[in-house]
A.B. asks: 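If you scroll down you'll find the structure; I have some questions about it.
Proteins get letters first, then strands, A, B, ... in listed order; numbering begins at 1 in each. Heavy-atom basis, side chains included; hydrogens, waters and symmetry copies ignored.
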Amino acid sequence: MHSQSQLSLAEWDERYAELKRLGLQEPSYGGPISRHVAEGDLRLRRLKYDPSWAALNLWNFLLTEEDRLRTARQRGSKIVGTMKDLGTIPVMAYSLPNLVAFYPDGAWWIPCVMELSAGLLKVADDLGIDDSFCPVRAMLGAFVTEAHFPRPDLLVCSVGAVCDDFSAIAQRLPGLGHAVHWWEIPHRREPDKDEKAVALPGGAEAPSAQVDFVRGELEGVRTQLETLAESTLDDTALSAGIAMANRIRRSLRELRHLVFTAPSSPLPALELLVAEMLAIHFCSDRRETLRVLQDLLTEVRSRIESQEDEPDDGRIRVFWVNPVADLRAMNLFEACGGRLAGTDFLFAHALDEIPEDLAPLDALARTALADPMVGSGQQRAERICRDAQTFGAEAVLISRIPGASHCALESSLIADTVSRELDLPVVEIEVPPLCDAMLPTLQTRMEALVEVARARRKP
Amino acid sequence: MSRIAYASPYVPAEWIVAHGLEPYRIQPEGAAPRGPVPPSAGICPYMRSFVNQSATEPHVAGIILTTVCDQMRRGYEFITDRGLPSFCFNVPATWRSESAVQLYVSELERLSRFLVSLGGRQPDTNAIRDAIHECSPSPSTVAGGGQIPLALTGGPRTKLDERLIDLIEETGGHIVLDATESGLLGVPAVFNMKHVDTDPMRALAEAYHSRLPGVSRRPNDDLHTFLAAQVTASQASGVILLRYLWCDLWHAEVPRIRKALPVPLLDIDLDGEDPVPRNRTRIQAFMEGLG
């Protein structure tokens with residue numbers, strides 16, 4: 001059972017020293033996790049970690065992205081800041097050899113990771129973006145301070161069927177000197193009865209006309225990328241980019257399947273969340289992302305093999321909806337007796353394989369339209385139900401994002417659908433960027449969910 | 001005649017009239033009636049008021065919502081969940097490209113099919129031209145008998161919110177410009193009659209999408225230019241911005257609008273309840289400052 005062996009930061013330091021003595025070979029970004037605390041990542045002191053070498057690399061890879069971006073720039077690569085679409089545009093950008101893409105959106109975790117010491121929320125406050133907005137407002141602060149990622153050479157942002165928080169915040173960027181290329185992602189609607197429909201990754205459908213429209217918008221993005229890269233992004237290069245993205249997505253799919261279905265959870269929830277995040281933009285290095293995921297897979301397979309004669313760990317299998325603003329909530333969840341049996345961290349479309357039997361931009365248009373945020377809440381709820389059944393979830397936990405324009409409406413809809421369709425207990429929580437003051441409340445709600453689910457188990 | 005309820009300025013009333021139906025742009029009462037959308041933290045009070053009212057009003061044959069904001073887009077689901085005839089109009093946030101215009105036009109075509117399904121008739125060019133003459137929208141009238149000229153901007157308002165207008169008048173204000181979504185920002189641009197004859201749906205798209213400044217458009221710089229010009233022309237001494245709690249789109253723009261305007265701005269958030277008690281002192285102080 002992994003939770004018994006999770007390590008504190010201090011314990012990881014000791015283990016790291018021991019591994020080094022044993023001749024640990026590390027990648028270039030290696031080192032003890034605690035070194036990131038010295039760089040300001042104070043939250044790391046409060047987390048519990050998986051003890052494996054693979055998890056060490058996962059953390060170090062995640063926490064060194066800024067270094068990779070700066071190195072890429074020094075080497076002459078151009079940097080694309082791609083916003084909101086979560087998973088599609090980076091596939092295009094990385095198909096060109098001299099482009100590197102990242103999500104400024106990811107700054108929403110900085111207030112957590114740096115325990116508010118970076119002052120990004122204060123900067124956002126000063127710009128009139130207060131805490132009635134989602135924590136992604138930290139991104140605005142990061143653009144102003146220029147201390148957390150290099151200034152992008154190109155900013156691309158999807159608009160239309162996106163959350164208003166993000167759209168409103170992104171609209172402030174041009175006024176701060178950051179030009180944005182906007183591209184439209186329309187609300188995914190049900191095809192009319194006599195309308196040609198196409199299947200999307202993940203099981204939804206969209207009218208063919210909407211796919212055509214999005215393909216046209218992606219053509220516009222392709223032109224922007226080509227201009228920046230000063231080279232052509234042809235279909236051959238795009239197909240190769242899609243194939244590479246799919247290798248990563250397949251690894252992640254297997255990892256998720258193993259983690260969600262093993263008798264005892266072979267990887268903590270926190271590390272799985274981080275692993276899933278890698279799929280969105282490859283943490284600025286596709287090849288290394290694949291290597292990190294494959295190492296995790298090896299570790300997980302090995303743990304499952306060693307579990308064969310052990311009983312089920314007795315933990316309650318929970319499907320988790322939405323990412324948490326404070327990573328510590330994932331540790332708390334396991335301390336309350338839960339384990340993951342399915343996730344929808346708002347980017348399910350970044351985990352589904354991109355069709356390789358279609359023209360590449362057509363395939364990417366379908367992927368973009370498969371975004372759970374672009375369609376109806378009902379469709380998202382239905383997929384959650386399907387996945388929860390597949391992974392044998394016994395309960396569903398909906399983690400609301402403070403201030404997010406979609407959560408208030410979507411959460412109740414998902415909760416109602418899960419209760420109606422699956423008859424599973426559902427609990428909603430809300431996790432702020434630093435949840436310490438709310439730990440007792442969160443713990444009570446998580447424990448209640450676990451207790452209710454446990455009581456429903458047949459003897 | 002069947003009534004078609006809607007609230008968004010991006011829905012062309014002319015298109016509904018041309019189908020032989022009655023456009024019913026609801027100004028919600030404001031004290032949200034019971035209905036599909038529950039009272040819950042984080043839900044826009046205006047959206048809740050509109051959805052719940054339109055879902056329960058008699059004589060409404062169909063309801064149109066738009067994708068202009070996240071809350072209205074998701075409010076549509078609460079109506080369809082009740083089995084009411086409803087339509088979600090996909091209004092593109094981008095507006096400078098030909099593809100955005102085409103998307104709006106294609107949504108008009110889809111809306112037409114919806115209206116026909118409710119008993120409307122397929123319109124011809126004459127019907128559209130007649131509808132344009134019939135509708136000829138005009139901005140809401142200015143109000144107040146006070147001495148201090150004021151402008152309004154911001155999102156839409158309910159009937160309950162109109163009490164604020166009374167309060168402004170009581171405290172010495174005279175509204176010379178209503179550039180809210182219930183006012184000028186809800187009035188389409190002048191139609192290009194040549195386009196009406198040759199390509200009527202494009203003419204509608206131009207008037208209601210390409211040339212109607214709005215806070216949700218990307219980019220939305222033209223909104224700021226528009227407001228600055230209108231406020232200057234109106235000779236208002238100050239501007240009151242009305243926005244709903246949880247309306248991120250207007251909320252995020254407040255600092256930019258303040259910067260763009262030549263006169264002071266008072267930012268008022270509305271919560272769906274009577275706006276007077278919680279805003280009386282602020283408005284009084286603002287008026288005193290201007291006076």
A.B. asks: A:L409 versus chain B, heavy atoms under 4.5 Å apart: side chain, backbone, both or neither?
C.D. replies: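 Looking at A:L409, backbone and side chain both touch chain B.
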A.B. asks: Check B:Y208 against B:V11 and note the closest heavy-atom contact, atom names and distance.
C.D. replies: CE2-O, 3.6 Å
A.B. asks: At a heavy-atom distance under 4.5 Å, which candidate from A:D164, A:I129, A:I169, A:D165 has the highest pair count against chain B?
C.D. replies: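 Of A:D164, A:I129, A:I169, A:D165, A:D164 has the most heavy-atom pairs under 4.5 Å with chain B.
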A.B. asks: Salt bridge (Lys or Arg N to Asp or Glu O under 4.0 Å) between B:R243 and B:D267: does it pass, once the steps are laid out?
C.D. replies: CA-CA 8 Å; B:R243 62 176 171 83; B:D267 172 27; 2.9 Å; yes
A.B. asks: With a 4.5 angstrom heavy-atom cut-off, which part of A:R137 approaches chain B: side chain, backbone, both or neither?
C.D. replies: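 Neither; nothing under 4.5 Å.
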A.B. asks: Look at A:G377, A:C163, A:G216 and state which one has the largest set of heavy-atom pairs under 4.5 Å with chain B.
C.D. replies: A:G377
A.B. asks: Without hydrogens or angle criteria, can the side chains of A:S419 and A:D416 be said to hold a donor-acceptor pair below 3.5 Å?
C.D. replies: no
A.B. asks: Tabulate, in ascending numerical order, the residues of residues 202-212 of chain A having at least one heavy atom closer than 4.5 Å to a heavy atom of chain B, or enter 'none'.
C.D. replies: A:Q210
A.B. asks: Is there a side-chain contact between B:P264 and B:F286 in this structure, where contact means two heavy atoms from C-beta onward sitting under 4.5 Å apart?
C.D. replies: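 With C-beta onward as the side chain, the pair touches.
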A.B. asks: By a 4.5 Å heavy-atom criterion (distance strictly below it), what part of B:E77 contacts chain A: side chain, backbone, both, or neither?
C.D. replies: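 The answer is the side chain of B:E77.
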A.B. asks: Under 4.5 Å from any heavy atom of chain B, what part of A:L127 do you find: side chain, backbone, both or neither?
C.D. replies: backbone
A.B. asks: Do A:D125 and A:K122 meet the salt-bridge criterion of a basic N to acidic O distance under 4.0 Å?
C.D. replies: no
A.B. asks: With only heavy atoms counted, which part of B:N220 is less than 4.5 Å from chain A, the side chain, the backbone, both or neither?
C.D. replies: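 For B:N220, backbone and side chain are both near chain A.
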A.B. asks: Which bit of B:E107 is near chain A, if near means a heavy-atom gap under 4.5 Å: side chain, backbone, both or neither?
C.D. replies: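 Answer is side chain: those atoms of B:E107 sit under 4.5 Å from chain A.
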A.B. asks: What part of B:D221 lies closer than 4.5 angstrom to a heavy atom of chain A: side chain, backbone, both or neither?
C.D. replies: side chain
A.B. asks: For A:R420, does the CZ atom have more than 12 heavy-atom neighbours from other residues, nucleotides or ligands under 6.0 Å away?
C.D. replies: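 Yes.
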A.B. asks: For B:R110, which atoms come within 4.5 Å of any heavy atom of chain A: side chain, backbone, both, or neither?
C.D. replies: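 The side chain, not the backbone.
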A.B. asks: Does any heavy atom of chain A fall under 4.5 Å from the side chain of B:C88, the backbone, both, or neither of them?
C.D. replies: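 Side chain of B:C88 only, per the 4.5 Å heavy-atom cut-off to chain A.
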A.B. asks: Does A:E428 CD have over 12 foreign heavy atoms under 6.0 Å away?
C.D. replies: yes
A.B. asks: For the residue pair B:F87 and B:F89, categorise the inter-ring angle as parallel (less than 30°), tilted (30 to 60°) or perpendicular (more than 60°).
C.D. replies: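 B:F87 and B:F89: perpendicular rings.
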A.B. asks: For the interface with chain A, which of B:G75, B:C247, B:P219 has the highest count of heavy-atom pairs at distances below 4.5 Å?
C.D. replies: B:P219
A.B. asks: Under 4.5 Å heavy-atom distance to chain A, tell me which part of B:E253 shows up: side chain, backbone, both or neither.
C.D. replies: side chain
A.B. asks: Heavy-atom pairs under 4.5 Å with chain B: which of A:G175, A:P402, A:S405 has the most?
C.D. replies: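 It is A:S405.
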A.B. asks: Can you name the nearest heavy-atom pair linking B:L265 to B:R258, along with the distance?
C.D. replies: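 Taking every non-hydrogen atom into account, O-NH2, 3.4 Å.
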A.B. asks: Pick one of side chain, backbone, both or neither for B:R113, based on which atoms fall under 4.5 Å of a heavy atom in chain A.
C.D. replies: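 Just its side chain gets close to chain A.
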A.B. asks: Which atoms of B:R218 come close to chain A, meaning under 4.5 Å heavy atom to heavy atom: side chain ones, backbone ones, both, or neither?
C.D. replies: both
A.B. asks: With salt bridge (Lys or Arg N to Asp or Glu O under 4.0 Å) as the criterion, how do A:R380 and A:D344 come out once you've worked through the C-alpha distance, each side chain's angles and the decisive distance to 0.1 Å?
C.D. replies: CA-CA 9 Å; A:R380 185 178 178 212; A:D344 175 345; 2.9 Å; yes
A.B. asks: Considering only heavy atoms, which portion of A:P174 lies under 4.5 Å from any heavy atom of chain B: side chain, backbone, both, or neither?
C.D. replies: neither
A.B. asks: Hey, can you pull the donor-acceptor pairs under 3.5 Å for the side chains in residues 209-217 of chain B, sequence neighbours left out?
C.D. replies:
from: B:H209; atom 1: NE2; to: B:P92; atom 2: O; distance (Å): 3.0
from: B:H209; atom 1: NE2; to: B:T94; atom 2: O; distance (Å): 3.4
from: B:R211; atom 1: NH1; to: B:V190; atom 2: O; distance (Å): 3.3
from: B:R211; atom 1: NH2; to: B:V190; atom 2: O; distance (Å): 3.1
from: B:R217; atom 1: NE; to: B:L212; atom 2: O; distance (Å): 3.4
from: B:R217; atom 1: NH1; to: B:H209; atom 2: O; distance (Å): 2.3
from: B:R217; atom 1: NH1; to: B:S210; atom 2: O; distance (Å): 3.3
from: B:R217; atom 1: NH1; to: B:L212; atom 2: O; distance (Å): 3.3
from: B:R217; atom 1: NH2; to: B:D222; atom 2: OD2; distance (Å): 2.5

A.B. asks: I'd like to check the side-chain hydrogen bond (donor to acceptor under 3.5 Å, both in side chains) partners of B:S54; sequence neighbours left out, ordered by chain and number.
C.D. replies: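 Listed in chain order: nothing, the list is empty.
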A.B. asks: Going by the rule ring pair (Phe, Tyr, Trp, His ring centres under 6.0 Å), which residues pair with A:H349 if we only count those two or more places apart in sequence or in a different chain?
C.D. replies: none
A.B. asks: Just do the salt bridge (Lys or Arg N to Asp or Glu O under 4.0 Å) check on B:R202 and B:E206 with the steps written out, would you?
C.D. replies: CA-CA 6 Å; B:R202 189 174 185 92; B:E206 287 170 350; 3.8 Å; yes
A.B. asks: What verdict does the salt bridge (Lys or Arg N to Asp or Glu O under 4.0 Å) test give for B:D269 and B:R278, after you've listed the backbone C-alpha separation in whole Å, the side-chain angles of each residue and the deciding distance to 0.1 Å?
C.D. replies: CA-CA 10 Å; B:D269 62 15; B:R278 62 192 287 261; 3.0 Å; yes
A.B. asks: Where does A:V162 contact chain B at under 4.5 Å (heavy atoms): side chain, backbone, both or neither?
C.D. replies: backbone
